[in-house]
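As structure tokens, the structure follows; a few thoughts come after it.
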There are 2 protein chains.
Amino acid sequence: MSARRRPTIKEVAAAAGVSTQTVSRVINNRPDVAPETFERIQQIISETGYSPNMFARGLTQGRSHTLGVVAYGLEYFGPSRVLTGIEQQAAAVGYAISLNLIHEPEQADVEGLLASLVSRQVDGIIWAVPDVGDNRAWSNAAGSDHPVPVLLVGGMGGQSLLGSIGIDNRAIGRLATEHLLSGGARHVGLVTGPMDWWESRERQLGWRESLQERGLPASDRQIANGDWSATSGEAGLYQLVEQAPDLDAVFASNDQMALGVMHAAHRLGRRIPDELSVVGVDNIAEASHFWPALTTVDQPLRDAGGLAVRELDGAIRRARAARRGQDGAPAPRTLLQPKLVIRESSRPTP
Amino acid sequence: MSARRRPTIKEVAAAAGVSTQTVSRVINNRPDVAPETFERIQQIISETGYSPNMFARGLTQGRSHTLGVVAYGLEYFGPSRVLTGIEQQAAAVGYAISLNLIHEPEQADVEGLLASLVSRQVDGIIWAVPDVGDNRAWSNAAGSDHPVPVLLVGGMGGQSLLGSIGIDNRAIGRLATEHLLSGGARHVGLVTGPMDWWESRERQLGWRESLQERGLPASDRQIANGDWSATSGEAGLYQLVEQAPDLDAVFASNDQMALGVMHAAHRLGRRIPDELSVVGVDNIAEASHFWPALTTVDQPLRDAGGLAVRELDGAIRRARAARRGQDGAPAPRTLLQPKLVIRESSRPTP
DNA sequence: CTGAAAGCGCTTACAG
DNA sequence: CTGAAAGCGCTTACAG
């Protein structure tokens with residue numbers, strides 16, 4: 001583990017007895033090189049282990065083939081899936097990734113982060129930090145004058161001019177709630193995520209809409225606020241059975257909280273799903289092995305990440321085109337649809 | 001989301017009526033600038049939103065202040081924790097991260113990956129891909145002549161000359177097994193991870209050593225091979241009760257498989273922990289809410305990631321020093337210690 | 001305390 | 001099909 005000087009294009013050119021220009025043509029796979037020259041240079045390149053210095057290349061070309069990705073909470077299910085999708089698609093399309101993690105979604109130094117990404121010459125930025133509180137206020141101000149294209153992922157609360165990719169979280173709430181109702185439930189409780197999260201509010205809205213459309217109550221007594229953790233889900237059920245004695249079903253805003261709810265139900269001696277149906281969100285790997293196996297709503301998170309890269313790639317190309325006089329298209333806002341996964345924690349539709 | 005040309009050092013210099021050299025001094029915080037000149041330039045920098053082009057800077061300085069990180073399986077617990085640790089420490093020490101994910105640990109294009117990282121001028125590389133099969137064969141050959149320092153994380157199977165940071169996986173097996181024995185177990189089964197993983201083999205070794213030291217049997221009948229998934233854990237227990245009727249405890253090589261084991265135990269009507277004690281590995285967030293709450297072994301994964309960055313930073317500094325005639329120290333191999341977390345799935349020590 | 005010159009390793013027009 | 005020249009945006013000695 002030490003350092004050895006790497007060969008430069010000049011040395012390769014000298015060894016081949018050609019100009020650096022010709023070597024440049026070879027490493028960029030340009031057609032206009034004599035086959036034998038090409039061959040000879042290729043030979044020397046692999047002998048010397050030469051690979052072009054991306055700094056020099058980036059300096060002349062004005063681009064890095066790198067995407068800046070700002071994310072939060074890799075240790076959580078959603079963010080890690082989104083990032084996987086981003087990385088995979090980026091590799092496929094030919095971008096490297098510069099990763100920046102945020103540890104407090106509400107108080108990140110957004111300006112500084114974006115500036116450092118820009119100075120690192122990224123071609124575009126994916127902002128995959130949850131929409132919490134007003135941590136996206138900056139994006140409303142950020143307009144089309146930003147030095148590089150920016151795309152938001154997950155959370156569509158703001159009025160930003162930037163493009164965004166998200167998952168229809170209201171549909172998540174509706175899917176879960178309607179499934180519970182179709183299984184015969186009449187008193188559907190809700191354990192929310194933190195209410196400063198866009199996702200939590202949307203899921204709650206979906207829950208409320210579904211109940212109201214059937215003329216069923218959706219009062220605050222049916223709601224317990226959680227924080228995404230299993231512990232908060234457990235506390236949530238204790239609170240709900242106090243507030244709403246008729247409770248016969250619970251929609252937990254993620255699988256961890258659903259696990260906590262089931263844990264509490266066991267302790268309370270309420271049989272699942274006969275006495276209490278439970279639905280979660282995320283479809284984490286363990287969900288099918290919970291006791292009982294958890295009915296949940298699956299989100300296309302990897303797809304969202306992949307789509308983000310494709311959209312951003314498009315925006316980057318458009319921006320480069322616009323520089324030559326053409327105009328960029330308006331920023332797209334895309335909402336992906338979730339999917340219900342029925343298992344044993346909810347009563348089946350009769 | 002569009003493109004606007006960014007100001008250069010030249011423009012800032014012109015606006016300030018100084019040479020680019022002086023501006024350079026200011027952005028690098030060098031002391032030898034007249035206070036008023038400094039102030040004036042600073043002023044113009046913030047007005048114009050100037051930030052230095054890292055490509056140009058990297059080209060002259062020969063370093064990028066970026067770490068190349070190669071990882072696998074972000075959607076799994078271990079890798080995501082390690083990466084979090086890496087990112088956090090890197091940010092603290094002042095490195096950016098270039099992330100590359102591998103999707104098949106056994107058949108990655110290692111050469112290509114390392115070359116692309118090197119050509120992107122990373123200052124060092126952290127290889128955080130699990131030690132599976134012979135996917136680290138390259139690292140045995142890789143010597144001190146590598147263009148940049150490389151550090152391996154997690155899995156210490158090879159005889160590599162490269163530095164490495166890992167967790168003592170044999171200790172994990174011993175910790176779990178000895179805890180089960182101290183609770184009165186005499187027939188401790190094992191559900192392994194995939195046997196081509198170094199971690200799996202080491203955990204099995206720890207299990208075997210602990211049993212043998214007490215003169216207890218550790219036969220193949222007590223072993224079921226899993227693949228880290230809860231499903232394989234469930235299948236594992238069914239297999240074990242067939243092969244070893246006296247079974248009174250199971251060490252599952254991760255928490256997901258432990259969950260599967262408990263799931264199967266419920267179906268078989270075996271009470272946990274009275275009739276069957278279960279211990280997992282990882283201490284995932286859900287573990288304390290499994291039914292019953294899971295006893296498990298906690299690994300200092302984030303610490304491993306953070307330590308990796310510090311070690312690599314040291315190696316980078318040493319390499320730069322060596323270039324000026326000094327020598328690099330030998331590559332360190334560090335093993336971090338795991339910790340038992342006792343909950344309700346195992347019988348307590350009397 | 002400040003600047004003129006050279007150079008980092010490439011690519012981009014422009015010639016031929 | 002190939003090369004000489006200029007330049008990308010910085011920093012590094014070297015002067016003064």
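Being a predicted model, the structure only gives us computed values, none of them experimental.
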### Query
Where do B:Val148 and B:Val118 land on the side chain to side chain contact (heavy atoms under 4.5 Å, CB included) test, with the steps shown first?
CA-CA 7 Å; B:Val148 302; B:Val118 168; 4.3 Å; yes
Could you tell me how far apart [X] ([atom1]) and [N] ([atom2]) are, to the nearest whole angstrom?
X	N	atom1	atom2	answer
B:Lys10	C:dG3	NZ	C1'	15 Å
A:Arg63	D:dC8	CZ	C1'	16 Å
B:Phe38	C:dT2	CZ	P	11 Å
B:Phe55	D:dG7	CZ	C1'	17 Å
B:Met54	C:dC8	CE	C1'	16 Å
A:Glu39	D:dC1	CD	C1'	16 Å
B:Asn53	C:dG9	CG	P	16 Å

### Intra- and inter-strand pairs of DNA chain C in dot-bracket (Watson-Crick or G-U wobble, both distances under 3.5 Å; | for another strand)
|||.||||||||.|||
### Message
Checking A:Thr66 against A:Arg120 for the side-chain hydrogen bond (donor to acceptor under 3.5 Å, both in side chains) test, could you report, in this order, the C-alpha distance in whole Å, the side-chain angles of both residues, the deciding distance, and whether it holds?
### Response
CA-CA 9 Å; A:Thr66 296; A:Arg120 247 177 281 138; over 6 Å; no
### Query
With sugar-phosphate meaning primed atoms plus P, OP1 and OP2, does B:Tyr50 contact a base, only sugar-phosphate, or nothing at under 4.0 Å between heavy atoms?
sugar-phosphate
### Message
Taking any heavy-atom pair under 4.0 Å as a contact, classify B:Asp32: base, sugar-phosphate, or nothing.
### Response
base
### Message
Treating A:Ser24 as the side-chain partner and A:Thr20 as the backbone partner, does any N or O pair qualify as donor plus acceptor under 3.5 Å?
### Response
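Answer holds: no.
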#### Entry: Any donor-acceptor pair under 3.5 Å from B:Arg81 side chain to B:Ala304 backbone
no
### Summary
Protein-proximity profile, nucleotides 11-16 of chain D, B/S/- by nucleotide at the 4.0 Å heavy-atom cutoff, equals SBB---
### Task
Taking only the side-chain nitrogens and oxygens of B:Ser19, find out if one of them lies under 4.0 Å from OP1 or OP2 of C:dT2.
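False: B:Ser19 side-chain N/O out of range (4.0 Å or more) of C:dT2 OP1/OP2.
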### Message
Side chain of B:Pro35, heavy atoms from C-beta onward: which of D:dC1, D:dC10, C:dC1 has the nearest atom to it?
### Response
C:dC1
### Query
What do the steps show when you test A:Glu39 against A:Gln43 for side-chain hydrogen bond (donor to acceptor under 3.5 Å, both in side chains), and what is the final call?
CA-CA 6 Å; A:Glu39 194 96 336; A:Gln43 174 69 17; over 6 Å; no
### Message
Evaluate A:Tyr95 against A:Asp313 for side-chain hydrogen bond (donor to acceptor under 3.5 Å, both in side chains), listing each step before the verdict.
### Response
CA-CA 9 Å; A:Tyr95 286 104; A:Asp313 181 45; 2.6 Å; yes
### Task
Apply the test side-chain hydrogen bond (donor to acceptor under 3.5 Å, both in side chains) to residues B:Gln88 and B:Arg302: give CA-CA distance (whole Å), side-chain angles for both, the deciding distance (0.1 Å), then the verdict.
CA-CA 9 Å; B:Gln88 210 155 316; B:Arg302 283 172 57 147; 3.2 Å; yes
#### Entry: Rounded distance (nearest 0.5 Å) linking atom OG1 of A:Thr334 with atom CZ of A:Arg310
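Rounded to the nearest 0.5 Å, the OG1-CZ separation comes out at 10.5 Å.
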### Query
Applying the side-chain contact (heavy atoms from CB on, under 4.5 Å) test to A:Val70, which of A:Val110, A:Ile102, A:Ile126 qualifies?
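That would be A:Ile102; it is the only one of A:Val110, A:Ile102, A:Ile126 passing the side-chain contact (heavy atoms from CB on, under 4.5 Å) with A:Val70.
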